[in-house]
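One-based numbering along the sequence shown. Only this structure's heavy atoms are used, side chains among them; waters, hydrogens and symmetry mates stay out.
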Amino acid sequence: MNRKEKISKLKQEKDTVILAHYYVDGAVQEIADFVGDSYALAKKAAEVTQKNILFAGVSFMGESAKLLNPGKRVYMADASAGCPMADMATAEQVRKVREKYPDAAVVCYVNSTAEVKAQSDVCVTSSNAVKVVGKMKQKQIYFVPDSHLARFVAKKLPEKQFIFHDGYCPTHQEIGRDSLAKAKEKHPGALVLSHPECSEEILELSDYVGSTAEILCFARENSAEEYIIATETGVFYQLEKENPQKKFYPVIPEQICPDMKKITLEKTESVLANLENQQEILLEESVIEQARRPLEQMLKLALS
Ligand code: 13P
Ligand code: SF4
């Protein structure tokens with residue numbers, strides 16, 4: 001029996017579904033039951049019927065799965081894989097801003113801790129942020145933690161008044177204007193597709209800005225032959241698989257999220273085989289109660 005068949009058998013025996021993000025290694029994406037961007041993964045997690053979810057992604061993704069489907073046991077392929085941006089906002093900071101701006105809606109990017117979600121009115125992902133924030137009745141929006149995504153959304157919704165937090169993704173922040181200029185010089189015919197976690201100067205120079213799934217969709221549907229991709233390089237696996245005749249280039253080789261890269265095929269297989277407690281997402285009942293509301297609100301507004 002080869003590895004893929006062994007994993008497939010284990011999934012059945014353990015009644016487990018494997019969900020993976022586009023940033024994890026191609027080998028892990030290959031054995032997953034579902035691969036998606038943060039929004040698609042949240043929607044999928046809410047509806048799976050298996051007893052266990054094994055998440056190949058970072059901790060906020062596993063937490064969101066647990067919040068949206070608390071009856072399931074959620075295990076992480078590597079429980080130490082976190083998101084540094086999620087840790088740039090605390091529940092205490094959100095409480096203080098709420099006191100200062102009582103009329104503001106607290107909108108939290110899904111890349112946040114369960115404790116921050118518990119203090120928020122609604123969650124968003126990069127693929128639904130403009131739509132969801134646009135539907136909020138409040139004029140003032142406190143957007144936490146990503147300052148770059150917040151500015152991207154604020155530009156699209158000039159009727160809203162934004163209060164920014166100072167969080168950012170270290171991986172996307174690394175992608176600078178000079179590097180992009182060099183990449184454009186090297187590949188003059190290429191379109192630039194960027195994730196909204198990139199800084200404003202990168203987004204201004206891009207032909208298209210979208211979530212990982214939206215970047216994939218754009219590349220699939222566009223006739224251009226070459227693309228410069230400003231997001232984590234894990235996405236190249238699907239881009240190249242879906243478009244074997246097209247060429248994709250990173251802006252810089254360092255577009256790598258160290259936490260996403262902790263997730264290996266070996267670890268995923270080992271967690272699946274043992275479903276160990278130390279890899280399980282465990283959240284207090286009170287946190288689950290409060291933190292699931294903004295996620296459910298996101299699904300409601302994004303789907304309406
Ligand atoms: P999306 O897949 O939703 O575009 O998110 C990117 C990301 O940073 C996940 O950590
Ligand atoms: Fe967090 Fe950035 Fe890694 Fe996404 S790519 S998990 S935002 S550190």
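- Residues satisfying the side chain to side chain donor-acceptor pair (under 3.5 Å) test with Ser80, not counting sequence neighbours, are Asp78, Lys262.
- Cation-pi geometry between Lys43 and Tyr39 is satisfied (NZ or CZ under 6.0 Å from the ring centre, within 45° of the ring normal).
- Clustering of Ile, Leu, Val, Met, Phe, Trp and Tyr side chains at separations under 4.5 Å places Tyr168 together with Met88.
- Looking at heavy atoms from C-beta onward, Lys44 lies out of side-chain contact with Leu41 at the 4.5 angstrom threshold.
- Remark: the backbone N or O of Lys4 is paired with a side-chain donor or acceptor of Asn2 at under 3.5 angstrom.
- Pairing each heavy atom of Glu280 with each of Arg73, the nearest pair is OE1-NH2, 3.0 Å.
- Distance alone, capped at 3.5 Å, is enough to place a donor-acceptor pair between the Ser147 side chain and the Gly167 backbone.
- Considering CD of Gln238 and CG of Asn243, their distance stands at 10.0 Å, rounded to 0.5 Å.
- Around atom CD of Glu242, more than 12 heavy atoms belonging to other residues, nucleotides or ligands sit under 6.0 Å away.
- For the pair Thr268/Val24, no side-chain contact is recorded, criterion being any heavy-atom separation below 4.5 Å from C-beta on.
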For residues 293-304, which side-chain donor-acceptor pairs fall under 3.5 Å, sequence neighbours excluded?
residue: Glu296; atom: OE2; partner: Arg292; partner atom: NE; Å: 3.2
residue: Glu296; atom: OE2; partner: Arg292; partner atom: NH2; Å: 3.2
residue: Ser304; atom: OG; partner: Lys135; partner atom: NZ; Å: 2.7
residue: Ser304; atom: OG; partner: Lys300; partner atom: O; Å: 3.4
residue: Ser304; atom: OG; partner: Leu301; partner atom: O; Å: 3.0

Exercise for review: Could you please spell out the steps behind the side chain to side chain contact (heavy atoms under 4.5 Å, CB included) verdict for Glu269 and Lys6?
Suggested key: CA-CA 9 Å; Glu269 186 179 352; Lys6 218 170 120 194; 3.3 Å; yes
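- Residues Ile252 and Gln255 share a closest heavy-atom pair of N-OE1, 3.0 Å.
- Proximity of Ile228 to Leu180: side-chain heavy atoms (C-beta onward) are separated by under 4.5 Å at one or more points.
- Cluster annotation: Ile7 is connected to Leu275 through the hydrophobic network of ILVMFWY side chains, with a link wherever side-chain heavy atoms come within less than 4.5 Å.
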Exercise for review: Test side chain to side chain contact (heavy atoms under 4.5 Å, CB included) on Asn277 and Leu282 and set out the steps.
Suggested key: CA-CA 9 Å; Asn277 288 348; Leu282 298 169; over 6 Å; no
**Study point:** From CA spacing to verdict: salt bridge (charged side-chain N to carboxylate O under 4.0 Å, His left out), Lys66, Glu63
**Key:** CA-CA 5 Å; Lys66 181 74 186 172; Glu63 284 182 359; over 6 Å; no
Practice item. Could you walk me through whether Val107 and Val153 pass side chain to side chain contact (heavy atoms under 4.5 Å, CB included), step by step? Key: CA-CA 11 Å; Val107 176; Val153 178; over 6 Å; no
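- Here the CD-OG distance, from Glu289 to Ser286, works out to 9.0 Å after rounding to the nearest 0.5 Å.
- Listed by chain and residue number, nothing satisfies the ring pair (Phe, Tyr, Trp, His ring centres under 6.0 Å) test with Phe143 (two or more places apart in sequence, or in another chain).
- Using a distance-only test at 3.5 Å, with no hydrogens or angles considered, a donor-acceptor pair links the side chain of Asp259 to the main chain of Gly82.
- Counting side-chain heavy-atom gaps under 4.5 Å among Ile, Leu, Val, Met, Phe, Trp and Tyr, the cluster of Leu239 also holds Tyr22, Val35, Leu191, Leu193, Tyr208, Ile215, Leu216, Phe218, Tyr227, Ile229, Val235, Phe236, Phe248.
- Atom CD of Gln173 is surrounded by more than 12 heavy atoms from other residues, nucleotides or ligands within 6.0 Å.
- Across all non-hydrogen atoms, the minimal contact from Thr171 to Pro258 is OG1-CD, 4.1 Å.
- For the atom pair OG of Ser270 and CG of Leu265, the computed distance is 11.0 Å after rounding to the nearest 0.5 Å.
- Placement of Met260 and Val110 within a single hydrophobic cluster is found when ILVMFWY residues are connected by side-chain heavy-atom separations under 4.5 Å, directly or transitively.
- A distance of 8.0 Å separates CG of Asp178 from CD of Glu201, quoted to the nearest 0.5 Å.
- Applying the ring-ring contact (aromatic ring centres under 6.0 Å, His included) definition to pairs two or more places apart or across chains, those involving residues 170-194 are His172-His195, His187-Tyr249.
- Side-chain contacts under 4.5 Å among hydrophobic residues (ILVMFWY), followed directly or transitively, place Val116 together with Val94, Val97, Tyr101, Val106, Tyr142, Val144, Ile163.
- Applying the ring pair (Phe, Tyr, Trp, His ring centres under 6.0 Å) rule to Tyr23 yields the partners His21; only residues at least two apart in sequence or on another chain are considered.
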What side-chain donor-acceptor pairs closer than 3.5 Å can you find for residues 46-53, not counting sequence neighbours?
residue: Asn52; atom: ND2; partner: Lys14; partner atom: O; Å: 2.8
residue: Asn52; atom: ND2; partner: Thr16; partner atom: OG1; Å: 3.3

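- Sorted by first and then second residue, the pairs that involve residues 104-132 and meet salt bridge (Lys or Arg N to Asp or Glu O under 4.0 Å), not counting sequence neighbours, are Arg98-Asp121.
- Not a single salt bridge (charged side-chain N to carboxylate O under 4.0 Å, His left out) links Glu197 to another residue, sequence neighbours left out.
- Side-chain contact between Val271 and Met76 is absent, with no heavy-atom pair separated by less than 4.5 Å.
- Other residues, nucleotides and ligands contribute over 12 non-hydrogen atoms within 6.0 Å of the CD atom of Glu13.
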Atom pairs and distances, side-chain donor-acceptor, residues 54-62, under 3.5 Å, sequence neighbours left out:
none

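- Shortest non-hydrogen contact noted between Thr231 and Ile175 is N-CD1, 4.2 Å.
- Val192 and Phe152 sit in two unconnected hydrophobic clusters of ILVMFWY residues. Membership requires side-chain heavy atoms under 4.5 Å apart, directly or through other members.
- Between Lys96 and Glu99 there is no salt bridge, since no side-chain nitrogen of the basic residue lies less than 4.0 Å from a carboxylate oxygen of the acidic one.
- Between Pro145 and Tyr109 the shortest heavy-atom distance is CD-CB, 3.8 Å.
- For Glu225, the CD atom sits in a loose shell: 12 or fewer heavy atoms of surrounding residues, nucleotides or ligands are nearer than 6.0 Å.
- The closest side-chain donor-acceptor pair between Thr125 and Ser38, if any, does not fall under 3.5 angstrom.
- Note on Lys261 versus Glu232: salt bridge recorded, some NZ/NE/NH1/NH2 to OD/OE distance being below 4.0 Å.
- With hydrogens and angles ignored, the 3.5 Å screen pairs no side-chain donor or acceptor of Lys160 with any backbone N or O of Ile141.
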Check your understanding: Run the side chain to side chain contact (heavy atoms under 4.5 Å, CB included) check on Leu157 and Val130 step by step: do they pass?
Key -> CA-CA 7 Å; Leu157 300 170; Val130 175; 4.3 Å; yes
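- Ile263 and Ile256 are members of different hydrophobic clusters when ILVMFWY side chains are connected at heavy-atom separations under 4.5 Å.
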Exercise for review: Start with the C-alpha gap between Lys155 and Glu204, add the side-chain angles, then the distance that decides, and say whether salt bridge (charged side-chain N to carboxylate O under 4.0 Å, His left out) holds.
Suggested key: CA-CA 11 Å; Lys155 265 192 170 177; Glu204 276 169 1; 3.4 Å; yes
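- In terms of heavy-atom proximity, Thr212 sits nearest to Asp37 at OG1-CB, 3.1 Å.
- Judged purely by atom type and a 3.5 angstrom limit, Gln12 has no side-chain atom pairing as donor or acceptor with the backbone of Lys9.
- Here CG of Leu68 is found 8.5 Å from SG of Cys123. Values are rounded to the nearest 0.5 Å.
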